[in-house]
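Proteins come first, then strands; the chains are lettered A, B, ... in the order of their sequence lines, and each starts at number 1. This is a predicted model, so every value here is computed, not measured.
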Amino acid sequence: MDGTDWKRTKFAADIGEDDYNTEVTLCGWVQYTRNLGKMAFVHLRDRSGIAQVTALSKTMDKELFDLIVSVPRESSISVKGIIKQSPQAKAGWEIIPYQVHVLGVAKTPLPLGVVDKVDADMETRLDNRFLDLRKPEIQAIFKIRSTILAAAREVLLEEGFIEIHTPKIVATATEGGTALFEMKYFDKKAYLNQSPQLFKQTMMSTGLDRVFEIGPAFRAEEHDTRRHLNEYTSIDIEMAYANLEDCMDILEMVIQRVYTNVLNENFIDLDILDQHLVAPERPFPRLRYGCIVDKLQNAGLKIKDENTGRNRPIEFGDDIPLEGFKEIAKDRPSLYFVTDWPMKLKPFYIHPHPDDPDLSLGFDLNYGEKELVSGGQRVHEPALLKEMLGRSGLDPETFGFYTKAFDYGMPPHAGWGLGAERLTMIITGASNVRETVLFPRDRYRLVP
RNA sequence: GCCCCGAUGGUGUAGCGGUCCAUCAUCUCGGUCUGUCGAACCGAGGACACGGAUUCAAAUUCCGUUCGGGGCGCCA
């Protein structure tokens, strides 16, 4: 027997007084060993926490004792033993082992210390992500991420949304603007999709009425920041017979549920990360684009003019640079909507404002200076859609697969796309979006 | 694409013309220790990214390359 048939009977954190003097099988990694000569302490770490295994040379075979003290750190082991009450142990109990299996020996030295007293660079950590993820504070991020995605799915299903999956391999640019990753598709040229936008809108013409997709999106932009990824997870919704306000309501519900579920289910993880979350109240504040520009003008914000190359005060119609949102974030450090954007700053599928054709029915949801969500009321009128495509410099012909769905009874609809990693960053307090992805893909990183 | 900054043992760093066969911590290996929990103590091991230049002398200055970090743009 080599121990591979052993089944874990408990996680370390689940052991309590009721278990004293019972047998247990624990599986995990050797966090460290303190060998005092005639006795030794091994800290076994599993997903839940730490169990102390105490070995006494006097009361066990020399062979077993020697095995226990010689296992390198971070080796995978399983331990069968008795849980004994122990006032000297931090947990109040410890494991007295009578059988130990070394299932996977760790090479030494480790490329990355899991509990070393020195921090490692992000690069070293990502190169050795499997070891990095053995740290409770790193695992906490992914446990929270899991709750976030489950919470979003939970609300959307409750609200009558149907989960869909749209193709990631596409023939043409879906929205224009962003650079796409090109790939071979047999003898044709194909691209990785930047967004499910056009497909989820097409679903509005099917009778599914309310759809959502949680899936990858790819952008070939050479952006090099702490908040961009070339492969990220998008939470996208689209709802028919709905307007701007309806989809903003759904968004508020999703965000609120995410906060409450994380608070309820991940309090230990939040504590590990030292995050003090407060669930936001509905409705979230709404700021009009025009008011933000006024405010930034008063604050004296200058931007570089595209034509002259000179600095000038920000004007209505200019996109708001990060510096501008940083200014706004001084008063609004948390969640707020930005509404009534100029039409020229929004993509072709965003509906013009009925009262002012220069304004749009598009919105963003920000957290301080961070953009989290982009959405809005969509153009559903076929003639207007083709006009908007043309105005954006796109050829309606190449979008035939999309516009066709508008020619046969397209209801009014609205929707949004939420960056799952950006939301995870905010909830976990991560300062780099790469922290929220197991194996991030950025401009330079393709491995692991 | 633009603008800064950096690269020293497995890991994280100090040093920034000679006093460096390179500092400290962590780590690894060996030893002592029956209550450790950032164990302690004794001993040992291990590094100047690559290529070129300047100089009597380069980890240190300069140029190039490669690889990172940060900021901007773009966005989620």
Enquirer: How would you label the contact of Arg226(A) with the nucleic acid (heavy atoms, under 4.0 Å): base, sugar-phosphate, or nothing?
Expert: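 Here Arg226(A) touches the backbone only, sparing every base.
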Enquirer: Check every strand shown and say whether Asn432(A) touches a base, only sugar-phosphate, or nothing at a heavy-atom separation below 4.0 Å.
Expert: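 Here Asn432(A) touches the backbone only, sparing every base.
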Enquirer: Over 60° means perpendicular and under 30° means parallel, so classify the ring planes of Phe325(A) and Tyr336(A), tilted if in between.
Expert: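 Plane angle between 30° and 60°, so tilted.
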Enquirer: Under the 5.5 Å and 30° test, is Tyr232(A) stacked on the base of A76(B)?
Expert: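 Answer is yes, a stack.
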Enquirer: With salt bridge (charged side-chain N to carboxylate O under 4.0 Å, His left out) as the test, pick out the partner of Asp116(A) among Arg125(A), Lys135(A), Arg134(A), Arg73(A).
Expert: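 Looking at Arg125(A), Lys135(A), Arg134(A), Arg73(A), the match for Asp116(A) under the salt bridge (charged side-chain N to carboxylate O under 4.0 Å, His left out) is Arg73(A).
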Enquirer: What is the distance from CZ of Arg443(A) to C1' of C72(B), rounded to the nearest Å?
Expert: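 In whole Å, C72(B) C1' lies 13 Å from Arg443(A) CZ.
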Enquirer: How far, in whole Å, is C72(B) from C16(B) if one measures between their P atoms?
Expert: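 Taking atom P in both C16(B) and C72(B), they lie 33 Å apart.
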Enquirer: Going 5' to 3' along nucleotides 26-34 of chain B, which nucleotides have protein heavy atoms under 4.0 Å from the base (write B), which only from the sugar-phosphate (write S), and which from neither (write -)?
Expert: SSS----BB
Enquirer: Under the salt bridge (charged side-chain N to carboxylate O under 4.0 Å, His left out) test against Lys346(A), which residue among Asp358(A), Asp340(A), Asp364(A) passes?
Expert: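 Answer after filtering Asp358(A), Asp340(A), Asp364(A): Asp364(A).
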Enquirer: Rounded to whole angstrom, note down the P distance from U55(B) over to G73(B).
Expert: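 Looking at atom P only, U55(B) and G73(B) are 46 Å apart.
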Enquirer: Regarding Tyr349(A) and Gln201(A), do their side chains bring together a donor and an acceptor under 3.5 Å, going by distance alone?
Expert: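 Not at all, the side chains of Tyr349(A) and Gln201(A) share no donor-acceptor pair under 3.5 Å.
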Enquirer: Quick one, Tyr289(A) and Leu345(A) - any side-chain contact, counting heavy atoms below 4.5 Å?
Expert: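 They are in side-chain contact.
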Enquirer: Any strand counts, and the cut-off is 3.5 Å on both contacts for Watson-Crick or G-U wobble. Which nucleotide pairs with U23(B)?
Expert: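 Here U23(B) is not engaged in any pair, so there is no nucleotide opposite it.
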Enquirer: Taking only heavy atoms on the protein side, list every residue of residues 362-375 of chain A lying under 4.0 Å from any atom of RNA chain B, sorted numerically.
Expert: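 Output list: Glu371(A), Leu372(A), Val373(A), Ser374(A).
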Enquirer: Remember a base hit wins even if backbone is also touched, and classify Gln52(A) as base, sugar-phosphate or nothing at under 4.0 Å, heavy atoms.
Expert: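 Counting heavy atoms under 4.0 Å across all strands, the contact made by Gln52(A) includes a base.
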Enquirer: Answer whether the closest heavy-atom distance between the side chains of Thr147(A) and Phe142(A) falls below 4.5 Å.
Expert: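 A side-chain contact is absent here, since even the closest heavy-atom pair is not under 4.5 Å.
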Enquirer: Under a 4.5 Å cut-off applied to non-hydrogen side-chain atoms, are Lys370(A) and Arg422(A) in contact?
Expert: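 No. Closest side-chain heavy atoms not under 4.5 Å.
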Enquirer: Which ones in residues 78-92 of chain A lie close to RNA chain B, meaning a heavy atom under 4.0 Å from one of its atoms?
Expert: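 Output list: Ser86(A), Gln88(A), Ala89(A), Lys90(A).
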Enquirer: Please examine the side chains of Glu94(A) and Val53(A), heavy atoms only from C-beta on, and report whether any two atoms are closer than 4.5 Å.
Expert: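 A side-chain contact is absent here, since even the closest heavy-atom pair is not under 4.5 Å.
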Enquirer: Rounded to whole angstroms, how far apart are OH on Tyr32(A) and P on A40(B)?
Expert: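 Answer to the nearest Å: 11 Å.
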Enquirer: Across all strands, who's sitting opposite G6(B) as a Watson-Crick or G-U wobble pair, both distances under 3.5 Å?
Expert: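 C67(B) - that is the nucleotide pairing with G6(B), both distances being under 3.5 Å.
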Enquirer: Return the set of residues passing side chain to side chain contact (heavy atoms under 4.5 Å, CB included) with Lys38(A) (not counting sequence neighbours), or none when no residue passes.
Expert: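 Side chain to side chain contact (heavy atoms under 4.5 Å, CB included) check on Lys38(A) returns Ser57(A).
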Enquirer: With a 4.5 Å cut-off on side-chain heavy atoms, are Pro97(A) and Ile68(A) touching?
Expert: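 A side-chain contact exists here, since the closest heavy-atom pair is under 4.5 Å.
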Enquirer: Rounded to whole angstrom, note down the C1' distance from A58(B) over to G18(B).
Expert: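 These two C1' atoms come out 10 Å apart once rounded.
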Enquirer: Looking at Thr124(A), does any N or O in its side chain come under 4.0 Å of the phosphate oxygens OP1/OP2 on G12(B)?
Expert: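 The answer is yes; a side-chain N or O of Thr124(A) sits under 4.0 Å from OP1 or OP2.
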Enquirer: Expressed in angstrom and rounded to an integer, what is the separation of His228(A) atom NE2 from G70(B) atom P?
Expert: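 Going from NE2 in His228(A) over to P in G70(B) covers 14 Å.
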Enquirer: For nucleotides U8(B) and G68(B), find the distance between their C1' atoms and express it as a whole number of Å.
Expert: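 U8(B) and G68(B) have their C1' atoms separated by 15 Å.
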Enquirer: I want to check something: taking the side chain as every heavy atom from C-beta on, are Leu385(A) and Phe348(A) in contact at a cut-off of under 4.5 Å?
Expert: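 With C-beta onward as the side chain, the pair touches.
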Enquirer: If you measure from the C1' atom in U66(B) to the same atom in C75(B), how many Å do you get, rounded?
Expert: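 Straight-line distance between the two C1' atoms is 29 Å.
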Enquirer: Between Thr428(A) and Gln275(A), do the side chains contain an N or O donor and an N or O acceptor separated by less than 3.5 Å?
Expert: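 No, Gln275(A) and Thr428(A) have no side-chain donor paired with an acceptor closer than 3.5 Å.
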Enquirer: Could you tell me how far apart Met425(A) (CE) and A76(B) (C1') are, to the nearest whole angstrom?
Expert: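 Atom CE in Met425(A) sits about 11 Å away from atom C1' in A76(B).
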Enquirer: Any side-chain heavy-atom pair from Asp395(A) and Leu389(A) closer than 4.5 angstrom?
Expert: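 Asp395(A) does not reach Leu389(A) side chain to side chain.
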Enquirer: Go through residues 317-342 of chain A and report each residue with a non-hydrogen atom lying under 4.0 Å from RNA chain B, sorted by number.
Expert: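 By residue number: Asp319(A), Pro321(A), Leu322(A), Lys326(A).
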Enquirer: Distances for protein N/O vs nucleotides 41-46 of chain B N/O pairs under 3.5 angstrom?
Expert:
none

Enquirer: Does Ile350(A) reach the side chain of Arg378(A), with side-chain heavy atoms less than 4.5 Å apart?
Expert: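 Yes - at least one pair of side-chain heavy atoms lies under 4.5 Å apart.
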Enquirer: Please state how far atom CZ in Arg434(A) lies from atom C1' in G70(B), giving the value in whole angstrom units.
Expert: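 My rounded result for the distance is 10 Å.
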Enquirer: Atom CG of Asn230(A) and atom P of A76(B): how far apart are they, to the nearest Å?
Expert: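 From Asn230(A) CG to A76(B) P: 14 Å.
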Enquirer: Got a donor-acceptor pair under 3.5 Å from the side chain of Arg445(A) to the base of C67(B)?
Expert: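 No such pair is found, so the answer is no.
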Enquirer: Please report the distance separating the P of C37(B) from the corresponding atom of A47(B), rounded so that it comes out in whole Å.
Expert: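 To the nearest whole Å, 32 Å.
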Enquirer: Classify the ring geometry of Phe399(A) against Phe401(A): parallel below 30°, tilted from 30° to 60°, perpendicular beyond 60°.
Expert: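 Rings of Phe399(A) and Phe401(A): parallel, under 30°.
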Enquirer: Apply the test side chain to side chain contact (heavy atoms under 4.5 Å, CB included) to residues Trp416(A) and Ile237(A): give CA-CA distance (whole Å), side-chain angles for both, the deciding distance (0.1 Å), then the verdict.
Expert: CA-CA 6 Å; Trp416(A) 43 257; Ile237(A) 77 145; 3.5 Å; yes
Enquirer: If we take the C1' atom in both A49(B) and G30(B), what is their distance in whole Å?
Expert: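 The same atom, C1', in both gives a distance of 33 Å.
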Enquirer: To the nearest Å, give me how far apart CE (Met122(A)) and P (U11(B)) are.
Expert: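 To the nearest whole Å, that distance equals 17 Å.
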Enquirer: Rounded to whole angstrom, note down the P distance from A14(B) over to C24(B).
Expert: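 A14(B) and C24(B) have their P atoms separated by 15 Å.
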Enquirer: By nearest nucleotide on RNA chain B, pick out whichever of Thr225(A) and Lys346(A) is the more 5' one.
Expert: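 Closest to the 5' end, via its nearest nucleotide, is Thr225(A).
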Enquirer: For the residue pair Arg219(A) and Tyr232(A), confirm or rule out a side-chain donor-acceptor distance under 3.5 Å.
Expert: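 The criterion, which ignores hydrogens and geometry beyond distance, is satisfied for Tyr232(A) and Arg219(A).
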Enquirer: For A58(B), give its Watson-Crick or G-U wobble partner with both distances under 3.5 Å, or none.
Expert: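 Pair assignment: A58(B) / none.
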Enquirer: How long is the line joining CZ of Arg227(A) and P of C74(B), in whole Å?
Expert: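 Arg227(A) atom CZ is separated from C74(B) atom P by 10 Å.
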Enquirer: Let's test your reading of the model: under 3.5 Å, does the base of G35(B) pair with the side chain of Glu94(A) as donor and acceptor?
Expert: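 Indeed there is one.
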Enquirer: Quick check: any donor-acceptor pair below 3.5 Å linking the side-chain of His223(A) to the base of C74(B)?
Expert: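 Side chain to base: no pair present.
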Enquirer: For U32(B), which nucleotide in any strand shown is its Watson-Crick or wobble partner with both distances under 3.5 Å?
Expert: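 U32(B) is paired, partner A40(B).
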Enquirer: Taking pairing as Watson-Crick or G-U wobble with both contacts under 3.5 Å, can you name the mate of G1(B), or confirm there isn't one?
Expert: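 By the stated definition (distances under 3.5 Å), C72(B) pairs with G1(B).
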Enquirer: So, Asp236(A) and Ser234(A): side-chain donor and acceptor under 3.5 Å apart, yes or no?
Expert: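 Per modelled atom types, Asp236(A) and Ser234(A) side chains form a pair under 3.5 Å.
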Enquirer: Parallel under 30°, tilted from 30 to 60°, perpendicular over 60°: which one fits the rings of His228(A) and His223(A)?
Expert: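 Judged by the thresholds at 30° and 60°, the geometry between His228(A) and His223(A) is parallel.
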